[in-house]
Number of protein chains: 2
Amino acid sequence: MTDQSAKDNFRSYLATQGLKSTRQRDIILDEFLRAGAHLSTEELYLRLREQHPHIGYATVHRTLKLFAECGIAEPCHFGDGQTRYESSAGEEHHDHLICTDCGAIVEFENPQIEALQESVASQHGFLIERHRLELYGRCQQCQVFKNVVDTGRNERSSSR
Amino acid sequence: MTDQSAKDNFRSYLATQGLKSTRQRDIILDEFLRAGAHLSTEELYLRLREQHPHIGYATVHRTLKLFAECGIAEPCHFGDGQTRYESSAGEEHHDHLICTDCGAIVEFENPQIEALQESVASQHGFLIERHRLELYGRCQQCQVFKNVVDTGRNERSSSR
DNA sequence: GCTTAAATTGAAATTCAATTTCAAGAGGGT
DNA sequence: ACCCTCTTGAAATTGAATTTCAATTTAAGC
Ligand SMILES: [Mn+2]
Ligand SMILES: [Mn+2]
Ligand SMILES: [Zn+2]
Ligand SMILES: [Zn+2]
């Protein structure tokens with residue numbers, strides 16, 4: 001799904017639901033697609049505020065929920081107490097590796113795991129609608145730094 | 001890990017941390033182990049209140065966090081906005097199948113998936129500390145009822 | 001373009017689980 | 001029993017998510 005098809009999807013979703021196309025929604029969608037990453041409402045709101053200080057937090061919140069409803073964004077919960085949204089534009093389904101030290105997020109996709117999930121579900125009579133797989137640990141960089149700190153060979157400032 | 005070893009673990013955790021063994025903590029641990037399932041703070045508090053109305057919500061909350069710290073309980077987030085805790089007593093690591101209709105939770109363990117997770121992580125240079133795998137869908141029963149409702153052959157009351 | 005009904009906006013208020021505060025009470029070493 | 005420290009429970013606070021509501025904007029119909 002490209003950025004343009006995300007915009008088209010959103011347009012037609014609004015149309016079919018009797019909702020209206022507004023300047024704010026357009027601006028928020030543009031910024032959301034431009035940002036790319038896994039953004040919380042707060043983060044997107046702050047980014048928008050630089051160029052568009054008139055746009056309210058509540059509108060950003062409501063618009064992100066609309067994005068999720070129409071399928072152009074996916075909500076993520078990475079355990080920091082905030083809901084993040086990622087664009088579905090240009091991305092197939094994927095899962096996440098999350099560094100517990102620096103917060104880095106790496107996306108991956110593993111067909112074998114996906115297949116085994118289906119297999120497990122059917123063994124228990126379940127029909128899967130969606131799933132969540134998150135692997136938490138240390139990224140390569142943070143493993144190196146952790147080792148340095150542990151052995152006292154360096155006094156690098158904290159990575160966060 | 002048996003219930004008794006959970007109690008022993010908790011005792012020694014308190015001792016090593018300079019914390020105290022109290023009547024409330026004993027009662028909360030007993031009820032937590034007895035309940036068995038995936039309980040939220042609220043649910044455990046309500047269960048306790050029947051026999052021990054003097055125990056406060058804050059104490060239940062703090063005690064569950066202690067259980068998690070010392071490894072006899074695992075926090076779970078199943079997307080209903082509440083943190084649940086499950087006993088680690090008598091259980092190996094496992095993941096969850098969750099029915100989005102009736103809320104049923106089925107536990108499973110799949111060594112192949114676990115191995116593939118490690119493989120994915122090492123491909124990306126990560127060292128996994130923990131992971132979360134949740135499969136959301138309909139349990140067998142809810143698939144059947146859904147079908148009945150859809151075809152109008154029955155008027156069974158909603159399962160929730 | 002003008003009118004109008006319905007949807008949207010944004011500031012502020014509210015919700016709700018999680019967490020903290022604090023004064024009174026309990027544990028446990030001596 | 002004494003004393004210091006930890007714990008408790010009611011109430012207050014926090015913070016993200018969500019709702020409220022009066023003013024504004026959209027877009028359909030004329
Ligand atoms: Mn992603
Ligand atoms: Mn479980
Ligand atoms: Zn890292
Ligand atoms: Zn079910």
Side-chain angles (χ1 to χ4, degrees), chain A residues 10-32 38-70 73-85 103, chain B residues 7 10-32 38-70 73-85:
Chain A
F10 188 51
R11 286 265 166 181
S12 52
Y13 180 74
L14 293 179
T16 63
Q17 301 295 305
L19 305 178
K20 291 175 178 172
S21 185
T22 68
R23 197 163 41 84
Q24 287 91 334
R25 287 175 178 167
D26 288 343
I27 292 170
I28 294 171
L29 179 51
D30 277 340
E31 186 61 34
F32 176 65
H38 306 82
L39 291 179
S40 66
T41 307
E42 178 75 15
E43 287 165 356
L44 183 54
Y45 168 67
L46 290 177
R47 286 185 65 128
L48 283 162
R49 205 171 55 173
E50 293 170 20
Q51 299 298 318
H52 305 280
H54 55 92
I55 296 184
Y57 182 91
T59 302
V60 177
H61 167 79
R62 287 181 290 225
T63 304
L64 281 171
K65 290 189 69 171
L66 280 181
F67 292 169
E69 281 168 32
C70 79
E74 280 294 323
C76 317
H77 300 269
F78 294 154
D80 65 347
Q82 282 185 245
T83 300
R84 292 169 185 288
Y85 291 87
Chain B
K7 291 186 186 185
F10 187 51
R11 286 265 167 182
S12 52
Y13 180 74
L14 294 179
T16 63
Q17 301 294 307
L19 305 178
K20 292 176 177 174
S21 185
T22 68
R23 195 162 45 81
Q24 286 90 335
R25 286 174 177 168
D26 287 343
I27 292 170
I28 293 170
L29 179 50
D30 278 339
E31 186 62 33
F32 177 64
H38 306 82
L39 291 179
S40 67
T41 307
E42 177 75 15
E43 286 165 356
L44 183 54
Y45 169 68
L46 290 177
R47 285 185 65 127
L48 283 162
R49 204 170 59 172
E50 294 171 18
Q51 299 298 316
H52 306 280
H54 55 92
I55 296 184
Y57 182 92
T59 301
V60 177
H61 168 79
R62 288 181 290 227
T63 304
L64 281 171
K65 289 189 72 171
L66 281 180
F67 293 169
E69 282 169 30
C70 80
E74 280 294 322
C76 317
H77 300 269
F78 294 153
D80 64 347
Q82 283 186 242
T83 300
R84 291 168 186 289
Y85 291 87

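Numbered from 1 within each chain, the chains take letters A, B, ... in sequence-line order. The model shown is predicted, which means the values in this text are computed figures rather than measured ones.
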Atom pair distance, as rounded to whole Å: CD1 in Ile55(A) and P in dT25(D): 14 Å

For atom CG of Leu64(A) and atom P of dA16(D), their distance in whole Å: 15 Å

Given dT7(D), dA17(D), dT21(C), the nucleotide with the shortest approach to the side chain of Thr83(A): dA17(D)

Where Leu14(A) and Ser21(A) come nearest, the two heavy atoms and their spacing: CD1-CA, 4.0 Å

Sugar-phosphate only, base, or nothing, as touched by Ser21(B) at under 4.0 Å among non-hydrogen atoms: sugar-phosphate

Of Arg62(B) and Gln24(B), the one whose closest DNA chain C nucleotide lies more 5': Arg62(B)

Test item: side-chain donor near acceptor, Tyr85(B) and Glu74(B), under 3.5 Å: no

Aromatic ring pairing Phe32(B)/Phe67(B), orientation class (parallel under 30°, perpendicular over 60°, tilted between): tilted

Distance-only donor-acceptor test (3.5 Å): side chain Arg23(B), base dG27(C): no

DNA chain D: 5'-proximal contact among Tyr57(A) and Arg25(B) (nearest heavy atom): Arg25(B)

Geometric class of the Tyr57(A)/His61(A) ring pair [parallel <30°, tilted 30-60°, perpendicular >60°]: parallel

Between dA16(D) (C1') and His77(A) (NE2): distance, integer Å: 12 Å

Polar side-chain contact Lys20(B)-dT5(D) base: donor and acceptor under 3.5 Å: yes

Integer-rounded Å distance: dT7(D) C1' and Lys65(B) NZ: 16 Å

Rounded distance (Å) that lies between atom P of dT7(D) and atom OH of Tyr13(B): 11 Å

Closest to side chain of Ala58(A), choosing from dA12(C), dA7(C), dC6(D): dA12(C)

Atom-pair distance (NE2 on His52(B); P on dG9(D)), nearest Å: 12 Å

Among dT19(D), dT26(D), dT21(C), the one nearest Thr22(A) by side-chain distance: dT26(D)

Separation of dT7(D) P from His61(B) NE2 (nearest whole Å): 14 Å

Nucleotide dG15(D), atom C1' - distance to CD of Gln82(A) in whole Å: 9 Å

Basic-acidic side-chain contact under 4.0 Å: Asp30(A), Arg25(A): no

